[in-house]
Amino acid sequence: MANEKYKIGMIGLGTMGRNLLLNMADHGFPVAGYDMDLAKLSLLETEGKEKPVKGFKAINEFVNSLDSPRVIVLLVPAGKAVDAVIGELQPLLAKGDIIIDAGNSHFTDTTLRVKNLSEKGLHFFGMGISGGEEGARKGPSMMPGGDKAAFQYVKPVLEAIAAEVDGMPCVVYIGPGASGHFVKMVHNGIEYALMQLISDTYEILRKGLRFSNAEIQKVFSDWNKGRLQSYLLEITSNIFLYKENGSEGFLIDSIKDEAKSKGTGKWTTQISTDLELPIPTIDLAVALRNLSKYKSLRTAVSKEYSQRGQIAEQIDPSVILPKLEQAFYFSMVTIYAQGMHLLAKASVDLGYDLKLAEIARIWRGGCIIRAAFLDVIHNAYKSDQQLQHLLLDGQLKKIINETCEPTREVVSELMIAGISIPCYANALSYFDALRSENMPSNLIQAQRDYFGAHTYELVGKEGSFHSEWNLEPEAKIQNIQH
Ligand code: 6PG
């Protein structure tokens with residue numbers, strides 16, 4: 001590589017960055033990496049031995065080693081670090097160079113960066129990457145958005161390193177602006193809810209049915225062979241087999257029950273509230289992670305209230321397990337449907353012009369929420385690009401109708417037993433509200449008008465109205481505007 005220039009540069013050689021770079025090198029692209037941490041540089045050189053890979057410890061040498069226009073991928077922690085690196089890079093770059101932020105940046109930061117850098121003649125795009133360390137090495141799912149010309153330039157590299165399903169790469173141009181990071185954020189919102197749903201199931205199996213880890217493992221692994229097949233179920237079933245070297249017990253039993261998060265789930269919840277688009281099961285998954293952090297409070301409360309949560313004596317596992325599989329499917333479908341609904345809303349409100357069928361397609365491989373069910377979602381949006389909500393699709397309607405009643409049975413039985421199953425219960429309630437032509441929200445409107453004169457609208461009449469609710473019954477309705 002003495003005089004030859006490198007095709008792509010990577011800043012941030014943590015495991016993700018290193019693996020992505022090695023993946024590119026495997027596909028024949030000469031690549032350069034930069035990190036201030038010398039240990040990471042030497043790891044890159046060791047792992048990239050015999051491959052067209054070079055590590056640099058001086059940023060100017062790194063930049064100068066790149067082919068023109070330069071393509072620099074950033075895999076640094078979201079937030080200030082991204083701006084710091086961009087600030088350092090800018091004086092070293094030339095017009096037309098391309099910066100790709102491949103971290104989990106907040107989409108509003110990406111919107112600003114796209115604007116600021118394009119004013120300076122630099123191409124910038126935000127690209128969500130999913131699949132964790134293994135995905136980065138062997139084939140992730142990638143969600144690039146922003147500058148389309150820049151995307152076209154790097155497309156061959158991205159297509160080469162992406163996961164493949166049915167011969168198609170799991171990468172596609174998502175849309176303008178920060179759409180790539182927005183879609184990745186919603187991917188993570190769905191991920192949070194699916195993880196909570198699996199954790200609810202763990203709670204049912206261990207506390208309700210008193211299953212051993214081996215029995216729990218079998219349930220998840222059996223489910224993973226059928227229509228519930230997914231990456232998250234696969235890794236979950238492996239978790240229940242795992243013991244540390246030299247240890248008698250399963251590692252899962254020693255892990256603290258306090259879940260951490262880096263923010264993408266919370267951001268999904270925040271933006272859904274701003275866009276007034278309900279994703280209650282995703283919201284709940286974020287809330288449950290937060291509740292898990294209150295260990296001492298939970299311990300105190302648990303001592304004050306008698307414990308229930310045991311159905312093993314009353315319920316035959318062979319009867320409840322098939323119903324639970326149906327309830328899991330129902331809830332899982334509902335979670336994906338909420339995420340897709342949010343994408344549809346953002347597509348219009350934020351001008352992203354998202355192709356939902358394509359997004360479902362690139363989520364079928366490489367990413368954390370990959371699942372057999374994504375084929376159904378892909379087909380639904382392929383046959384109707386304007387589909388208002390996933391549950392209106394014919395195939396989905398069949399699934400929901402088939403799984404809904406067993407879900408009710410499971411939810412009611414487990415709630416009576418006092419087992420915490422927030423995702424199952426919430427998914428069912430969301431569905432019941434969604435299928436209500438008449439919600440009880442007329443009462444909320446009346447209450448708002450009663451205490452705050454916020455007005456209400458009337459069925460079959462134009463305008464907004466106000467009543468003096470606390471006066472005599474014959475108090476007049478005032479028409480506020482027409
Ligand atoms: C992925 C993951 C990845 C990461 C999350 C974890 O798609 O590969 O979503 O982005 O594992 O950031 O998020 P939390 O730390 O918030 O659970």
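Whatever order the structure lists ligands and atoms in, that order sets their numbers, starting from 1. Throughout, numbering of the chain's residues begins at 1 and tracks the sequence.
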Inset, instruction - Name the option, out of Arg289, Lys262, Met16, His187, that contains the heavy atom nearest to atom 17 (O) of ligand 1. - result: Arg289

Legend entry - Polar atom proximity, Asn104 to ligand 1 (N or O, under 3.5 Å): yes

Legend entry - Min N/O separation Gly131 to ligand 1 under 3.5 Å: yes

Inset, instruction - May I ask whether Gly132 places a heavy atom under 4.0 Å from ligand 1? - result: yes

Legend entry - Proximal ligand 1 atoms for Ile368, defined as those under 4.0 Å from one of its heavy atoms: 1 (C), 2 (C), 7 (O), 8 (O)

Inset, instruction - For the pair Lys397 and Asp393, find out whether any cationic side-chain nitrogen is under 4.0 Å from an anionic carboxylate oxygen. - result: no

Legend entry - Presence of salt bridge, Glu119 and Lys115, under 4.0 angstrom: yes

Of the protein's non-hydrogen atoms, which lies at the shortest distance from [atom], and what is that distance?
| atom | answer |
| --- | --- |
| atom 5 (C) of ligand 1 | Asn188 ND2, 3.8 Å |
| atom 3 (C) of ligand 1 | Lys184 NZ, 3.9 Å |
| atom 7 (O) of ligand 1 | Ser130 OG, 2.5 Å |
| atom 6 (C) of ligand 1 | Glu191 OE2, 4.1 Å |
| atom 16 (O) of ligand 1 | Tyr192 OH, 2.4 Å |

Is there a side-chain contact between [X] and [Y], using heavy atoms and a 4.5 Å cut-off?
| X | Y | result |
| --- | --- | --- |
| Ser179 | Leu354 | yes |
| Tyr424 | Leu197 | yes |
| Met24 | Val157 | yes |
| Thr407 | Tyr329 | no |

Legend entry - Test applied, side-chain contact (heavy atoms from CB on, under 4.5 Å); reference residue, Ile190; option that passes from Leu342, Ile368, Ile335: Ile335

